[in-house]
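Reading through the structure tokens given below for one structure.
Chain letters run A, B, ... following the sequence lines, proteins first, then strands; residues in each count from 1. Just so it is clear, the model here is predicted, and its values are computed rather than measured.
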Amino acid sequence: MKKYILLLIPVVILQFSCNKNLDPKVLSSLTSVNAFRTESDAIAAVNAVYARLKGPSVGDNYDYWTVRHFALTDLPTDIGNCSYGGDPGQLSLSQWNSANGLLAEDWRQIYKLIADANSAIYNISAMTTITAAQKAQFLAEAKFLRAAAYMDLTDAWGPVVLATEKDLANPNYLSQAPVTSVADIEALLISDLQNSINVLPVSYANNTIYSSNDPGRATKGAAMTLLGKLYLRQHQWQKSADMMQQVISAGTYQLFPSYQGLFLESNKWCSENIFSVLSDANVNGTELLNHFGPLVHPTIPNRWQYYAASWPFYHSFADNDDRKGEFFPKYNGTDGLIHEEAPSLGATPPAGVLYMPNVATSKYADSTGSVNNYYDGHSVDILRYADVLLSRAEALNEMNGPGPESIALINQVRQRSHATPLVLGNYTQTSLRLAILQERGWEFFYEGKRRADLLRMGQYDIVVNAYLKSIGQSNTISLPKDQYFSYPLNQAQLNPNLSNSGREQ
Amino acid sequence: MTKIYKQLGSDFRKTIFPIMSITGKMLLKNVCCCLLMLLPIIASAQNNVITGIVKDNKGVTMIGATIKEKGAPNSAITDVNGKFTITLKKNTGVLIVSSIGYITQEVSIGSSNSLTIVLEEDINKLNEVVVVGYGSVKKSDVTGSVSSIKSGDLNLGGSVSNVGQAIQGKAAGVLVQQTNFAPGGGIAITIRGGNSINASNEPLYVIDGFISDYGNTINPNDIADIQILKDASATAIYGSRGANGVVLITTKKGTPGQVSIDADVSNGWQHDTYKPALLTGQQYTDIQNATAIEDGKSAPYGAGFVPANTNWLQSAIQTATVDNRSVSVSSNNKDSKIFASVNYLNQVGVLKNTDFQKYSARLGAEKNLNDNIKLGANFYGSSSIADLQSYSGDITAPIFGLLVAPPNVPVYKPDGTFNIFYNPQTGGNGNPIYSLLSATNNTQNKFGNGNVFLDYSLLKNLTYHVSAGAEYNQTIAGQYSPNNSALGLTNPGIAADQWYSTFRWLVENYFTYKFKIQKDHDFTILLGNSNQKDIDQGLGAGSQGYSTNEFLYYNLTAGSIASSPTSYRTQTTGTDYYTRINYAFKDKLLATFTLRDDGSSRFGPKNSHGIFPSGAIAYKLGEDDFIKNLNTFSDLKVRVGYGITGNDRIPQANAYLSTFSPWNTVLAPGGPLQVGIEPASLPNPALKWESTAQFDAGLDMGFFDGRITATLDVYRKTTTNLLLNVPVGNWWGANTEIVNAGSVRNQGIELGINTVNVKSADFSWTSSFNAAYNIQKCLSLAPGISAIYSNTANPSGTVSGAQFTKLAVGQELGEFYGYKYQGVIKTGEHYAPEPNAKPGDPKYADLNGDGAITPADQTYLGNTNPHYTAALGNNFSYKGFGLSVFFQGAFDYELYNMNALVLESTTGAAALNRFVPGVNENTDIPREGYFLSKYGGYVNSRFVQNASYVRLKTASFSYTVPASVFTNTPFIKGLTIYGEGQNLFTFTGYKGTDPEENVHQGQALNAAGGYSGSNITGGLDFGGFPAFRTYIIGVKLSVH
């Protein structure tokens, strides 16, 4: 009998040791179960969309607008030059294909911002713990950011998969999504931006929804400028000119007095900025200085001269143009060699000299910045007032040919840099178009505008092929094949709707 | 040592004397043999007292043999001199003499009071009992496919620091691959081919009944034997954890009847075996200038440049030592067993500033409290520290920096300080030797596990087993780049520190009930329950900007800029039930059925439970007359089994939920950093286990009275519901979603043969051979997913990784995928698919014939899985001399030799033979490097190289001093001196680091205790730790 009583012992132990509950304990992750409960959850979701304009807060910060995007917008043009082999070198010589890693990376980063925006829009829309005003504000910010990203995405790839918050209701992640035409995508962007123009404040000073004045957030002016640029891309000249005029008339923005001063790391935000990616060398640094800074330079040490300018572009500036001062054409390197341009292609340097294949720019590498830090705090101006002026000038010229207003708008920008003003009588509609294109190159080099400008004005193949020939390259690009980049190989492989037929080099 | 021994002896006396006084008749059962030697016990010369001596067939006296009087309860054990004394109770006149590994004998006493008994070695070992998971069975009754490895057969000593290295080549179908050769470096074990694409393919480790996540890391010297369960009928008792096979480790408990102290001391030397052909400084200078001009650029080195001549790799290599120190103490008698050991391993790397030190200790004990209750416990602890273990197969590995450093630059400046220079290959200023020597990269590990168990005979034939155990693993990894190093210069001094730990508790309860129906039907029924909880947590922090290098990473507050700290904590639980029925009919027909129901919180609520059944039948044909009459087989058993097992090791604990993680930003000049939260992973509420169905058929054969034994198995296993990180369109904000989709099949054949070739008093020769073939095929992937790709590491600081493996339906995992290289385009040659190519550009095959080289021209170039593996061991002994030679090989596979690819365009001697227009056109090497080519790219057939090899893995020679030398020394029992070589010769056509090097392999345990990578990314030889050869001399001393 005693033995049978002993049988109870294991029964008691069994009872004691059972895990009856297999529900997960999520101790350190926010999940669908515990996110989007409060106002601060909503703000955090919106903040993450802004954060996706660049890399993580610390560590390898070279995503999207904080470096890599320039591989698509400036390297494959007459402005950018990269002497490093592989992906950037191929883009620099306009020799990309779908396997190019930088194409894949920018595609992924832009879509990550869009996906974050979609998640924020989807989840915030369903929230009941925030006010209607808060909800409208948060959604308008997310939609502005999403529109900016789709602009970049369609600039690079044209028709793409249009993902919106509607896809999140009942997602099928493995479906082979259709490709949406640029026109249909633009229709959504126009409606989103018009909404944002109506909802967003002119500035965040004394804002009722945010307690701090954060100039990095999207404003009414930013939404108007972006919509104006979208109209410009559509060749809707009147709408664009009107939108840009609204921005000008609002009087919120003005040109910063000095071109050089505009890009100093210390000048993160000024009256010319409409929408910028802000950063901070210590808590949210970028790697702009690393990638743009000159090689073995005595005062800006340990930089890579990765995204540099071509010598022909450097020589295109007039000597009296302040903007020519934004480069490092000659210096005594810490390697003991004089760094300078070769007198001719393939020349052998004499002892003590190193011929640089391209010229570094100080736009994101000024000597007053974080030259002794690994990370720097430069802001990148995605939308600034000079663009508004030149865009209106372009729209006016396209509608009416050269006129006093368009020349005056261009000269506003030129005179800030002490460049010789244009004279109205010297220009036809066509020659002014080319002058505006060149002006935009000088003004916005390495600001992510060049390739879209060349394409919009129909000059992409002409300008870039002339440049490639001038640096001894035999290959050429041709339109319409090269109007859009190849879809990244891994994406095309998993979705046959992303066909590279006709766009693979 | 003597002192330790004496203390031990006195303790034994204290505990044992009271027992003796109470139960005098139990005296001989209870007292361990050493005490017999110490205690003045004199057997009285009565008629019913028998004394004797037991020897083996070589005439060596046997310690710990059991002598029983037939039909009576009394027994005795032989002492250190092989002597015994037994008092007869029933005077049946017959003694039963037995010892493990020997044939049991019945001895008639006759008229003599003093017997000499010779036991014959039991060669076929079929009566051995083997552990099979939640119990044990006689080896002859095993119905599944099980490989057994005894401690004596393990690869031990020298740089062997884990279980994987110890069993490499020792069991058919068990593939052991080294992810790199760094001291304490990673190891990957795959049994019968990999089942899974993304989840772990590592087997389950069970140490003395405790399921351990770190079983591979325990000290291999503590292992008594290993059973590797390979087929589903054997592993299904482990249900959702059994799919990759199970490694059951039983730790030592001492030799029966003995108290002994064993010491093993060895010292070794390791020599680098990787010696790539490199350019001299002058050659490099000339080539750099020439290629720049060939490429239309300016020559980088002007006329006045005076090149140095540096071999960076050789400057970083050293002849390194490896020292092993082991001491164990054991005692084993009828009622109690105890084993304690300590081990110290100190391996210095052949690459400077690398090393691995490990201390470990083990205590195992069992005690029969009475006839019904046995209590036992096992504890193991280890502490290790490894320096510089970053051989992840990319450009951050120090080997990469050494390989691409310009040889025309000196290591030191004339003033003796390090020469810091700009290296375009790495994209920064530095000096690879200084980087190697100045960087601190420590990984400190503290590990402990322990379990206690109780076996309780509740009723006749009904036993209850309960065990409870816990395991804790803590790793502290820290890195510091000093403020005067290349990396550390950018922000003076960079420090980072990561702490992470895993904790597990596990309680197992099971009942075992044995009964007979009539007399021919034997049943054993097991019924059990298991409960488990795992808690993983980690913390990481870092800072930059140090005024001093004194702190390394120990004082993060001293840095001026703090990095964002990270931390995490996850908890998973599981509750499982299992049962097994063993049935035997007349001990000829055997059947085993198992069923397990596992519940785990790792999977969504809909699929938190999984059912895993299996069944196997075996028939001992050897017992049938018609087989006996063939006079061929001394033993023959046929086995057939089928079962379903699972794999629950998904990469994250909460993979089925969508998670959010921070992505912060500043939105105003000067900050502050504002918190942002974004989706981090895509949810899949339907996530469930991977499931593997396996069929196995086997033959166990014995010939010539068991002098030859052979095991032949064929198997086919199909894994379905693969946990697949299916690529999704980036528009979802993720690269992949984890789903259950697709299936992979592995099938193969395994053969193991053990032979006793010669056995005489002085000379013996035994051999063991095993060979296996496995072929894998992907049967399906997720709907709409035609293929899954993986990328190489970046081949330089500015060139991205490119696709190099492709998994598609009908293919194996790890197929290389790229362009077919067809040679160099000659001067004047026009190759239409590459219209803009220059002379000297690589020519790739236009496989789709569309007149252009595009990614559509890629094809399968080779496979990274060794399809055939084989090993052959021979052991010779002549008197006191022993010689053991062990060959091991793997065949029919390729590696991607990315070192060759990088060297060719940087510092390798291959650059001398590059294409130069009009000068050197008759060559296979393109004009300058690979990556400036617009067409194709660098993943091409030229660097896919056959890696088949045969390796003389170990050869050892030993001399054991004859026992007669120690007859007058009371304590020394045995002394063996040995010398051994590891990795002595390799026969291979492979030209890379080493045919076993596989740095980019997925599924190695990563630092956080999880599994990283994926199983389709293997086969990359790039920047890995150099392989080496080891010579060891050592001494083994036994004391009692």
Side-chain angles (χ1 to χ4, degrees), chain A residues 10 13-14 17-19 22 24-32 35 44-45 47-48 50-51 57-58 84-87 95 98-99 101 108 111-112 115-116 119 161 163 173-174 176 214 216 268-269 278 280 282-284 296 302 304 342 346 348-349 351 355 373-374 472 475 489 494-495 504, chain B residues 296 298-299 302-304 422 427 429 458 464 466 489-491 507 509 529 531 561 563-564 568-569 571 573 575 599 601 608 654 657-660 663-669 671 673-679 682 727-733 737 782 784 798-800 836 854-855 931-932 934:
Chain A
I13 293 173
L14 278 169
S17 62
C18 270
N19 296 314
L22 290 177
K25 279 230 166 51
V26 184
L27 300 164
S28 62
S29 302
L30 266 180
T31 69
S32 28
N47 288 348
Y50 286 102
S57 34
V58 170
Y84 291 86
D87 298 335
Q95 290 189 338
S98 59
R108 190 174 73 78
Y111 263 130
K112 182 60 184 164
D116 282 6
S119 165
V161 173
Y173 302 114
L174 304 182
Q176 293 178 352
D214 296 331
K268 294 184 205 303
W269 182 264
L278 299 177
D280 181 275
N282 291 334
V283 298
N284 196 194
V296 293
N302 301 309
W304 313 332
T348 304
Y355 290 155
N373 279 2
Y374 188 79
N475 56 293
L489 184 58
L494 66 91
N495 186 351
E504 191 79 284
Chain B
S298 301
Y422 177 77
N429 290 331
L458 289 167
Y464 168 63
V466 57
L489 270 173
T490 49
N491 257 346
V507 178
N509 298 274
N529 157 269
N531 288 285
I561 305 170
S563 315
S564 299
Y568 65 90
R569 182 180 169 100
Q571 177 178 319
T573 52
T575 289
S601 70
S608 60
N654 302 304
L657 292 167
S658 72
T659 56
F660 294 81
W663 200 266
N664 306 327
T665 186
V666 294
L667 290 164
L673 195 62
Q674 302 203 30
V675 64
I677 293 290
E678 63 169 8
L682 301 177
V728 299
N730 287 150
W731 45 92
W732 293 109
E737 190 205 8
T798 61
V799 180
S800 304
N836 291 325
T854 66
F931 54 76
L932 291 179
K934 171 182 171 181

For the candidates [options], which exhibits the highest count of non-hydrogen atom pairs separated by less than 4.5 Å from chain B?
| options | value |
| --- | --- |
| Tyr50(A), Trp269(A), Tyr355(A), Tyr111(A) | Tyr111(A) |
| Ser98(A), Gly472(A), Gly101(A), Pro349(A) | Pro349(A) |
| Ala163(A), Ala51(A), Ala99(A) | Ala51(A) |

Region of Asp87(A) in contact with chain B, defined by heavy-atom distances below 4.5 Å: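 Contact with chain B involves both backbone and side-chain atoms of Asp87(A).
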
With only heavy atoms counted, which part of Ala342(A) is less than 4.5 Å from chain B, the side chain, the backbone, both or neither?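 The answer is the side chain of Ala342(A).
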
Tell me, do [X] and [Y] make a side-chain contact under 4.5 Å, heavy atoms counted?
| X | Y | value |
| --- | --- | --- |
| Asn282(A) | Asn373(A) | yes |
| Trp731(B) | Asn495(A) | yes |
| Leu667(B) | Leu278(A) | no |
| Thr665(B) | Asn284(A) | yes |

Output the option from Leu682(B), Asn730(B), Val675(B) having the highest count of non-hydrogen pairs under 4.5 Å with chain A.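 Sorted descending by pairs with chain A, the first entry is Asn730(B).
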
Gln674(B) to Asp214(A) - nearest heavy-atom pair and separation: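 Heavy atoms of Gln674(B) and Asp214(A) come nearest at NE2-OD2, 3.0 Å.
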
Looking at every heavy atom in both Tyr84(A) and Trp304(A), which two are closest together, and how far apart are they?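 Closest heavy-atom pair between Tyr84(A) and Trp304(A): OH-O, 2.6 Å.
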
Quick one: what part of Glu678(B) sits under 4.5 Å from any heavy atom of chain A, side chain, backbone, both or neither?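 Both parts, heavy atoms under 4.5 Å.
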
